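Each ligand, and each atom within it, is numbered from 1 in the order the structure gives. For clarity, every value in this text was computed on a predicted model and none was experimentally measured.
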Amino acid sequence: MIKKIIGGAVGLGLLLGLVVFIYLLTNNKLSIGYNKGYEPTQPIPFSHKKHAGQYGIDCKYCHTSVEVSRHSSVPSMNICMNCHLSVGVGKEWIQKLQKQYADNKPIAWQKVHLLPDHVKFNHAAHINAKKDCNTCHGPVEEMEKVYQYQDLSMGWCVNCHRGDYDNSISKEDLKKLKEGGHTQAPINCSTCHY
Ligand code: HEC
Ligand code: HEC
Ligand code: HEC
Ligand code: HEC
Ligand code: HEC
C-alpha cells in the first residue's frame with residue numbers, strides 16, 4: 001500500500017516535471033545546447049567598447065557588407081590600417097598589428113556567431129527591414145569583447161517573424177498593420193531552411 005502511494009507520488013512528480021520541462025522548452029525559456037553568452041578570446045584584444053563606443057566609429061565603417069549581403073563581413077586589416085598606420089603606433093598591440101600587416105598575414109578572428117549549415121540567414125534583408133544591430137547582437141558598443149547575446153534558436157527567429165505576421169488575421173487587419181509601418185516576415189520552413 002505504502003509502496004503504491006510512494007510509487008504513485010514519484011510517477012506523478014516525474015510527469016509534472018516532464019510537463020514543466022516541455023513547457024519551458026517550447027516557450028523558449030530554456031536554451032539547451034545554444035551558445036548564448038559565447039565569448040571566444042580573440043588573437044588581438046580588439047575592443048568594440050573603445051572603437052564603436054568611445055570613438056563612435058559606425059558599425060558599417062568596418063562591417064561593410066551588412067546592407068548588401070547575406071554576410072556581415074569582418075573587416076580586413078586595410079580598414080584597421082586606415083588609422084593604425086598613424087594612430088597608437090607606440091602601443092604594443094598596434095606594433096603587432098603593423099607587423100602582421102607588413103607580413104601580409106590576416107588576423108585569425110574567432111567566429112562568435114555560427115548558425116548550423118541547414119539554416120539560411122540574410123543580413124541585408126533584416127537591415128533593409130530597419131532591424132537594428134542591437135536587437136540581435138545586444139549593446140556591442142559597450143562590449144570590451146563581443147559575446148553572443150541571443151540564443152539564435154529557431155524559436156527566437158520565428159517569434160520575431162511571427163510577431164507582426166499571423167496567418168489568422170484578416171486581410172484588412174494585415175493591411176492596417178502594414179500601413180502602420182509594421183514589418184512582417186514569412187514563417188514557412190523554406191524561408192530559413194535549405
Ligand atoms: C577610425 C580609426 C580607427 C580604426 C579604423 C581602427 N582603430 Fe583601433 N584604435 C583607434 C584609436 C583612436 C585607438 C586608441 C589609441 C590610443 O589609445 O593611443 C585605438 C586603439 C586600438 C587598440 C588598443 C591599443 C592599446 O594597446 O591600447 C587596438 C588593439 C586596436 N585599436 C585594434 C584595431 C583593429 C584590429 C582595427 C581593425 C579591425 C582597428 N583598431 C581599427 C582608432 C581606430
Ligand atoms: C573599427 C572596426 C569595427 C567597428 C567600428 C565595429 N566592429 Fe564589429 N568587429 C570588428 C572586428 C575586427 C571583429 C572581429 C573580432 C571580434 O569579434 O571582436 C568584429 C566582430 C563583430 C561581431 C561578431 C562577429 C562574429 O564572429 O560572429 C559582431 C556581432 C559585431 N562585430 C558587431 C558590431 C556592431 C553592432 C558594431 C557597431 C555598434 C560594430 N561591430 C562596430 C570590427 C569593428
Ligand atoms: C535579425 C537579427 C540580426 C541583425 C539585425 C543583425 N545581425 Fe549580425 N548576425 C545575426 C546572426 C543570426 C548571425 C549568425 C549568422 C550565421 O552564422 O550565418 C550574425 C552574424 C554577424 C557577424 C558575423 C559574420 C557573419 O555574417 O556571419 C557580424 C560581423 C555581424 N553579424 C554584424 C552585424 C551588424 C554590424 C549588424 C547591424 C548593421 C547586424 N549584424 C545586424 C543576426 C543579426
Ligand atoms: C527582430 C526580428 C527578427 C529576427 C530576430 C529574425 N528575423 Fe528574419 N526577418 C525579419 C524581417 C522583418 C524580415 C524582412 C521581411 C521582408 O522584407 O519581407 C526578415 C527576413 C528574413 C529572411 C528573408 C526572407 C525573404 O524575403 O526571402 C530570412 C531568410 C530570415 N529573415 C531568416 C531569419 C533567421 C534564420 C533568423 C534567426 C537566426 C531570423 N530571421 C531572425 C525579422 C527578424
Ligand atoms: C525564421 C527562421 C526559421 C523558420 C521559419 C523555420 N526554422 Fe527551423 N530552424 C531555424 C534555426 C535558426 C534553427 C537552428 C537553431 C535551432 O536548432 O533552434 C532551426 C533548426 C531546425 C531544425 C533542427 C533542430 C535540431 O535540433 O537540430 C529542424 C528539424 C527545423 N528547424 C525544422 C523546421 C521546420 C519543419 C520549419 C517549418 C515548420 C522550420 N524549421 C521553420 C530557423 C527557422
Check your understanding: Taking non-hydrogen atoms only, is Asn82 closer than 4.0 angstrom to ligand 1 via side chain, backbone, both or neither?
Key ->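 None of Asn82 does.
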
Using a strict 4.0 Å cut-off to heavy atoms of [X], name the atoms of ligand 4 that fall inside it.
X      : value
Thr135 : 1 (C)
Lys120 : 29 (C), 32 (C), 35 (C)
Ala185 : 9 (N), 10 (C), 11 (C), 13 (C), 15 (C), 19 (C)
Ala129 : 12 (C), 14 (C)

Check your understanding: So, is Trp109 polar-close to ligand 1, with some N/O to N/O distance under 3.5 Å?
Key ->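 No; the residue has no nitrogen or oxygen that sits under 3.5 Å from a nitrogen or oxygen of the ligand.
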
Exercise for review: Please confirm whether Tyr61 comes within less than 3.5 Å of ligand 1 when only nitrogen or oxygen atoms on both sides are compared.
Suggested key: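 Not met; the criterion fails.
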
Residue portion contacting ligand 4 (non-hydrogen atoms closer than 4.0 Å) for [X]:
X      : value
Cys192 : side chain
Val119 : side chain
Asn122 : neither
Lys131 : side chain

Review point. Can you find a side-chain donor-acceptor pair between Tyr149 and Asn134 that sits under 3.5 Å?
Key: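 No, no side-chain donor-acceptor contact under 3.5 Å.
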
Exercise for review: May I ask you to list the atoms of ligand 1 that are less than 4.0 angstrom from any heavy atom of Ile79?
Suggested key: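 Selected atoms, number and element: 5 (C).
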
Point to revise | Within-cut-off N or O pair, Val112 and ligand 2, under 3.5 Å | key: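 N/O-N/O distance under 3.5 Å: yes.
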
Review point. For ligand 2, is there an N or O atom under 3.5 Å from any N or O atom of Glu141?
Key: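 Such a contact does not occur with ligand 2.
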
Check your understanding: From Cys160, does some N, O or S atom reach closer than 2.8 Å to atom 8 (Fe) of ligand 4?
Key ->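 Coordinating: no.
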
Exercise for review: Output yes if His126 passes the N/O/S-under-2.8 Å test against atom 8 (Fe) of ligand 4; output no otherwise.
Suggested key: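 Yes, His126 qualifies, because one of its backbone or side-chain N, O or S atoms lies under 2.8 Å.
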
Point to revise | All side-chain contact (heavy atoms from CB on, under 4.5 Å) counterparts of Cys133, not counting sequence neighbours | key: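 Cys133: side-chain contact (heavy atoms from CB on, under 4.5 Å) contacts with Cys59.
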
Check: [Y] main-chain N/O paired with [X] side-chain donor or acceptor under 3.5 Å:
X      : Y      : value
Asp132 : Thr135 : no
Asp151 : Ser153 : yes
Gln98  : His84  : yes
His161 : Ile187 : no
Gln42  : Gln110 : yes
Glu142 : Gly53  : no
Ser73  : His63  : no

Exercise for review: Measure the acute angle between the ring planes of His126 and Phe121, then classify it against the limits of 30° and 60° as parallel, tilted or perpendicular.
Suggested key: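 Answer is parallel, since the angle falls under 30°.
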
[atom] [closest protein heavy-atom partner, distance rounded to 0.1 Å]:
atom                    : result
atom 17 (O) of ligand 2 : Gln42 NE2, 3.2 Å
atom 14 (C) of ligand 1 : Tyr55 OH, 3.1 Å
atom 24 (C) of ligand 2 : His113 ND1, 4.1 Å
atom 18 (O) of ligand 1 : Lys91 NZ, 3.6 Å
atom 28 (C) of ligand 1 : Ile94 CD1, 3.7 Å
atom 15 (C) of ligand 1 : Val87 CG1, 4.1 Å
atom 23 (C) of ligand 1 : Lys50 NZ, 3.9 Å

Review point. Does the ring of Trp93 carry Lys96 above it, NZ/CZ under 6.0 angstrom from centre and within 45° of its axis?
Key: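 The answer is yes; both the distance and angle limits are met.
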
Check your understanding: Does NZ or CZ of Lys120 fall inside the cone over Tyr194's six-membered ring, less than 6.0 Å from its centre and within 45° of the axis?
Key ->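 Ring-cation test returns yes.
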
Mind listing the closest non-hydrogen atom pair of [X] and [Y] along with its distance?
X      : Y      : value
Ile44  : Trp109 : O-CZ3, 3.5 Å
Gln148 : Leu152 : NE2-CG, 3.5 Å
Thr41  : Lys145 : OG1-NZ, 3.4 Å

**Study point:** For Ile57, the ligand 2 atoms whose distance to one of its heavy atoms is below 4.0 Å
**Key:**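 The atoms of ligand 2 under 4.0 Å from a heavy atom of Ile57 are 5 (C).
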
Exercise for review: May I ask whether Val74 and Tyr61 are part of the same hydrophobic cluster, defined by side-chain heavy atoms of I, L, V, M, F, W, Y residues being less than 4.5 angstrom apart, directly or through others?
Suggested key: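 Different clusters.
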
Check your understanding: Out of curiosity, Cys62 SG to Asn82 CG, how far, rounded to the nearest 0.5 Å?
Key ->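 It comes to 9.0 Å.
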
Exercise for review: Using 2.8 Å as the cut-off, count the protein N, O or S atoms closer than that to atom 8 (Fe) of ligand 2.
Suggested key: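 Counting protein N, O and S atoms closer than 2.8 Å to atom 8 (Fe) of ligand 2 gives 2.
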
Check your understanding: Which one holds for Asp58 and ligand 2: side chain close, backbone close, both close, or neither close, with close meaning a heavy atom under 4.0 Å?
Key ->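 Backbone only.
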
Practice item. Check each heavy atom of His137 against ligand 2 and say whether those closer than 4.0 Å belong to the side chain, the backbone, both or neither. Key: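 Answer for His137: side chain.
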
**Study point:** Per atom 35 (C) of ligand 1, closest listed option by heavy atom (Cys80, Pro45, Cys83)
**Key:**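 Comparing heavy atoms across Cys80, Pro45, Cys83, the nearest one to atom 35 (C) of ligand 1 lies in Cys80.
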
Review point. Would a line drawn from the ring center of Tyr38 to the ring center of His113 be shorter than 6.0 Å?
Key: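 Here the rings of His113 and Tyr38 have centres that are no less than 6.0 Å from each other.
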
Review point. Are any of the N or O atoms of Trp156 closer than 3.5 Å to those of ligand 4?
Key: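 Min N/O separation from ligand 4 is not below 3.5 Å for Trp156.
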
Review point. Is the number of heavy atoms from other residues, nucleotides or ligands within 6.0 Å of CG (Asn188) greater than 12?
Key: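 Enclosed: over 12 neighbouring heavy atoms sit under 6.0 Å from CG of Asn188.
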
Review point. What do you reckon, is CG of Asp58 surrounded by more than 12 foreign heavy atoms closer than 6.0 Å?
Key: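 Yes - once you tally the heavy atoms of other residues, nucleotides and ligands closer than 6.0 Å, there are more than 12.
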
Review point. Under 2.8 Å from atom 8 (Fe) of ligand 1, is there an N/O/S atom belonging to His84?
Key: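 It does: His84 brings an N, O or S atom closer than 2.8 Å to atom 8 (Fe) of ligand 1.
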
